[in-house]
Number of protein chains: 2
Amino acid sequence: MHSPALEGNLAQPVIRRLDALRQLSERGIALLQRAILEGLQRAGQGEDLANEGDPVDSVRIILSGWLCRFKTLEDGRRQITSFILPGDACDACVYLLSVMDHSIGTLTPVIYADIKRPVFERLLAADQSLAQAFWCETMVNSAIQREWTVNIGRRIALERVAHLLCEIHERLRPVGMIDGDSCAFPVTQIDLADATGLSVVHVNRTLQELRASRLITLRDRTLTIMDLRGLQNIALFTADYLHTKRCG
Amino acid sequence: MHSPALEGNLAQPVIRRLDALRQLSERGIALLQRAILEGLQRAGQGEDLANEGDPVDSVRIILSGWLCRFKTLEDGRRQITSFILPGDACDACVYLLSVMDHSIGTLTPVIYADIKRPVFERLLAADQSLAQAFWCETMVNSAIQREWTVNIGRRIALERVAHLLCEIHERLRPVGMIDGDSCAFPVTQIDLADATGLSVVHVNRTLQELRASRLITLRDRTLTIMDLRGLQNIALFTADYLHTKRCG
DNA sequence: CGGCGGCAATAACATGTGATAACGCGTGAA
DNA sequence: TTCACGCGTTATCACATGTTATTGCCGCCG
């Protein structure tokens with residue numbers, strides 16, 4: 001962990017992700033890498049990194065592990081509004097709002113960089129390509145959020161779950177977390193239900209159906225997509241909204 | 001329309017909205033106002049200002065009228081992902097993504113300013129308070145989008161419709177478009193259905209229920225909220241996510 | 001070892017919401 | 001005037017999804 005080589009590797013997902021959005025300058029990469037290494041933090045599984053109402057004064061960049069953003073209604077109903085994957089920033093710029101309007105919880109142990117607001121702002125000011133990449137990422141997150149609205153609003157359960165799986169698969173690819181047609185999937189059916197707006201029972205039914213159709217395998221926190229094209233068809237999935245190709 | 005006085009008034013909602021997010025400098029206001037007046041445009045009701053797949057090369061700022069952002073699935077299912085109200089910018093920065101991943105349609109005749117990307121970028125560079133206000137607005141839009149995810153995913157029909165009405169009411173207030181407890185509401189039940197992820201028929205049922213509970217009146221494109229507190233209670237509505245108070 | 005808790009899987013049953021269809025009403029065009 | 005059309009309203013019926021409950025598995029820990 002404290003050897004330079006390993007630390008260099010740690011920042012890889014972030015750099016790959018940002019560079020895929022906007023080509024980063026050598027200098028930008030170096031600056032980012034240093035800022036990351038100076039802010040290294042860890043969190044265990046099932047921790048809340050932030051809660052609704054908390055003041056925001058830093059940006060978090062996820063190096064490894066999964067998290068989710070969620071909101072809870074007074075009576076306990078919970079909705080996951082997005083998954084945060086390795087390489088993602090926890091909204092480069094929510095700090096503009098000064099108070100969290102949602103919570104962020106970990107689904108696995110997590111390694112992340114906590115970059116204080118002034119440091120982050122200096123970073124953006126110092127390198128234009130970094131600034132643009134981070135804004136780009138923010139915009140892509142908005143696009144994803146819109147697609148979730150569509151997903152939950154207009155797709156039926158089967159399509160809905162399939163769509164979510166497609167999206168995650170597609171997002172994990174550029175950061176190199178797909179192994180063949182499999183990937184880690186540390187999401188319980190409870191989480192899946194909270195993310196899709198369904199009940200746990202119905203998520204279970206739906207997964208059974210996807211399995212029966214020989215589209216996926218999901219066991220021991222590992223997802224295997226046996227028929228990607230088929231899954232995408234069911235989901236009415238197109239990856240356009242992820243803006244994977246370099247934008248702008 | 002072409003008298004300076006009237007033109008000054010035109011920009012009022014935008015200035016009020018942005019200034020509410022981040023105090024604008026005198027200079028920023030002047031610059032913004034000029035840019036707006038130089039880009040004045042109109043659109044009729046039921047027009048699409050942009051479609052999925054279109055290239056993006058300008059920012060639109062809405063001076064009067066209502067629009068909605070929406071996506072359509074291959075088989076025609078439609079989901080409205082947000083309403084765009086007077087004073088809103090059509091995402092100050094989607095242009096970072098270069099291609100629209102959704103469409104934008106008008107619900108009423110609309111007056112807006114079309115500001116070309118280079119002009120807009122010069123504007124942001126010229127005045128810090130403007131830049132911050134626009135970024136703030138973008139972040140608030142993200143927050144709204146998250147709340148919509150919660151709304152559609154976890155609230156039942158009655159709460160859902162009530163919540164949407166509360167939100168719109170709350171958003172119209174700072175731009176001065178609320179008259180007593182009434183406001184214009186140029187949204188058909190079809191639109192309402194597409195925004196809430198419900199069927200038209202069920203939206204109708206739900207509105208009847210809200211009327212029967214003496215919470216609202218909705219007739220002739222005019223919404224009157226007779227019991228705001230009651231409506232908010234039903235909707236489990238809290239305005240925090242709108243970040244109305246000056247942020248940052 | 002035994003008990004406990006988190007998670008997946010199923011069954012039986014309840015209901016919210018969707019689908020379809022029909023009707024009324026107002027407006028605008030021919 | 002008459003017709004067409006968009007929108008709201010209502011009724012009936014079907015079904016997707018929610019609710020509640022039970023069971024089993026497995027890892028954890030005293």
Side-chain angles (χ1 to χ4, degrees), chain A residues 44-47 66 68 73 75-80 105-109 151-164 184-212 216-223 234, chain B residues 44-47 66 68 73 75-80 105-108 151-165 184-212 216-223 234:
Chain A
Q45 170 177 11
E47 284 183 30
W66 289 38
C68 66
L73 298 184
D75 61 4
R77 278 175 284 178
R78 186 175 90 124
Q79 175 70 40
I80 293 181
T106 63
L107 299 175
T108 67
N151 199 32
I152 299 177
R154 282 300 181 223
R155 271 186 268 254
I156 64 171
L158 188 69
E159 301 165 343
R160 215 184 284 184
V161 173
H163 191 278
L164 183 57
F185 195 80
V187 182
T188 67
Q189 294 187 4
I190 298 174
D191 298 326
L192 226 34
D194 286 341
T196 52
L198 298 166
S199 69
V200 195
V201 175
H202 203 61
V203 164
N204 187 287
R205 286 195 273 251
T206 306
L207 287 176
Q208 301 300 355
E209 198 174 339
L210 289 173
R211 286 194 262 249
I216 65 163
T217 307
L218 178 53
R219 264 188 50 211
D220 303 328
R221 318 275 111 137
T222 300
L223 169 69
I234 282 201
Chain B
Q45 170 177 10
E47 285 182 29
W66 289 39
C68 67
L73 299 183
D75 60 5
R77 277 175 285 179
R78 187 175 91 125
Q79 176 69 40
I80 292 180
T106 63
L107 299 174
T108 68
N151 199 33
I152 298 178
R154 282 299 181 223
R155 271 185 268 254
I156 63 171
L158 188 69
E159 301 167 343
R160 214 183 286 183
V161 173
H163 191 278
L164 181 58
L165 299 183
F185 195 79
V187 182
T188 67
Q189 294 188 3
I190 298 175
D191 298 326
L192 225 35
D194 286 341
T196 52
L198 298 166
S199 68
V200 194
V201 174
H202 203 61
V203 164
N204 187 285
R205 286 195 273 250
T206 305
L207 287 176
Q208 302 299 355
E209 198 174 340
L210 289 174
R211 286 193 261 247
I216 65 162
T217 307
L218 178 52
R219 263 188 52 210
D220 304 328
R221 318 277 112 137
T222 300
L223 169 69
I234 281 203

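Letters A, B, ... mirror the listed sequences (proteins, then strands); counts begin at 1.
Looking at every heavy atom in both residues, Leu164(A) comes nearest to Asn151(A) through N-ND2, 4.4 Å. Taking every heavy atom of both residues into account, Trp66(A) and Val187(A) meet most closely at CZ3-CG2, 3.7 Å. Pairing each heavy atom of Val203(B) with each of Ala193(B), the nearest pair is CG2-CA, 3.5 Å. Nearest heavy atoms, Arg221(B) versus Pro186(B): CD-CA, 4.0 Å.
Distance CD1 (Ile156(B)) to C1' (dA16(D)): 17 Å, rounded to an integer number of Å. Atom CG of Asp220(B) and atom C1' of dC7(D) are 12 Å apart (whole Å). Rounded to an integer number of Å, the gap from CG of Leu210(B) to C1' of dG8(D) is 16 Å. Regarding Glu209(A), its CD atom lies at a distance of 13 Å from the C1' atom of dT17(D), rounded to whole Å. We find that CD1 of Ile190(B) is positioned 12 Å from P of dT9(D), with the value rounded to whole Å. When rounded to the nearest whole Å, the span between CZ of Arg154(A) and C1' of dA16(D) equals 15 Å.
For Thr106(A), the side chain to side chain contact (heavy atoms under 4.5 Å, CB included) partners two or more places apart in sequence, or in a different chain, are Ala43(A), Glu47(A), Leu49(A), Leu67(A), Val110(A). Qualifying salt bridge (Lys or Arg N to Asp or Glu O under 4.0 Å) partners for Arg155(A), counting only residues two or more places apart in sequence or in other chains: Glu147(A). Applying the side chain to side chain contact (heavy atoms under 4.5 Å, CB included) test to Gln208(B) and every residue at least two apart in sequence or in another chain returns Asn204(B), Arg211(B). Residues passing the salt bridge (Lys or Arg N to Asp or Glu O under 4.0 Å) test with Asp220(B): none are found, sequence neighbours excluded. In this structure Arg77(B) satisfies the side-chain hydrogen bond (donor to acceptor under 3.5 Å, both in side chains) test together with Glu159(A), Asp75(B), sequence neighbours excluded. Residues forming a side chain to side chain contact (heavy atoms under 4.5 Å, CB included) with Pro109(A) (at least two apart in sequence, or on another chain): Gln45(A). With sequence neighbours left out, the side chain to side chain contact (heavy atoms under 4.5 Å, CB included) criterion links Ile234(A) to Leu158(A), Ala162(A), Leu215(A).
In this structure, Arg219(A) reaches neither bases nor backbone, as no heavy-atom distance under 4.0 Å exists between it and the strands shown. Using a 4.0 Å heavy-atom distance criterion, Arg160(A) is classed as making no nucleic acid contact.
Residue-to-nucleotide proximity on DNA chain C shows that, of Arg221(A) and Ala157(B), the 5′-proximal contact is made by Arg221(A).
With a cutoff of under 4.0 Å to any heavy atom of chain B, the contacted region of DNA chain C is bounded 5' to 3' by dT17(C) to dT20(C).
Screening residues 190-203 of chain A for salt bridge (charged side-chain N to carboxylate O under 4.0 Å, His left out), with sequence neighbours left out, gives Arg78(A)-Asp191(A), Arg78(A)-Asp194(A), Asp194(A)-Arg154(B).
Side chains of Thr206(A) and Leu192(A) form no contact here, defined as non-hydrogen atoms less than 4.5 Å apart.
Near DNA chain D, meaning a heavy atom under 4.0 Å from it, residues 192-205 of chain A has Gly197(A), Leu198(A), Ser199(A), Val201(A), His202(A), Arg205(A) in order of number.
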field: side-chain contact (heavy atoms from CB on, under 4.5 Å) evaluation trace for Ile152(A) with Gln79(A)
entry: CA-CA 11 Å; Ile152(A) 299 177; Gln79(A) 175 70 40; 3.5 Å; yes
- line: Quick tally for nucleotides 23-30 of chain D: nucleotides whose base has a protein heavy atom under 4.0 Å get B, sugar-phosphate-only ones S, the rest -, giving --------
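End-to-end axis angle for the helix from dC1(C)-dG30(D) to dA30(C)-dT1(D), using five pairs per end and rounding to 10°, comes out at 30°.
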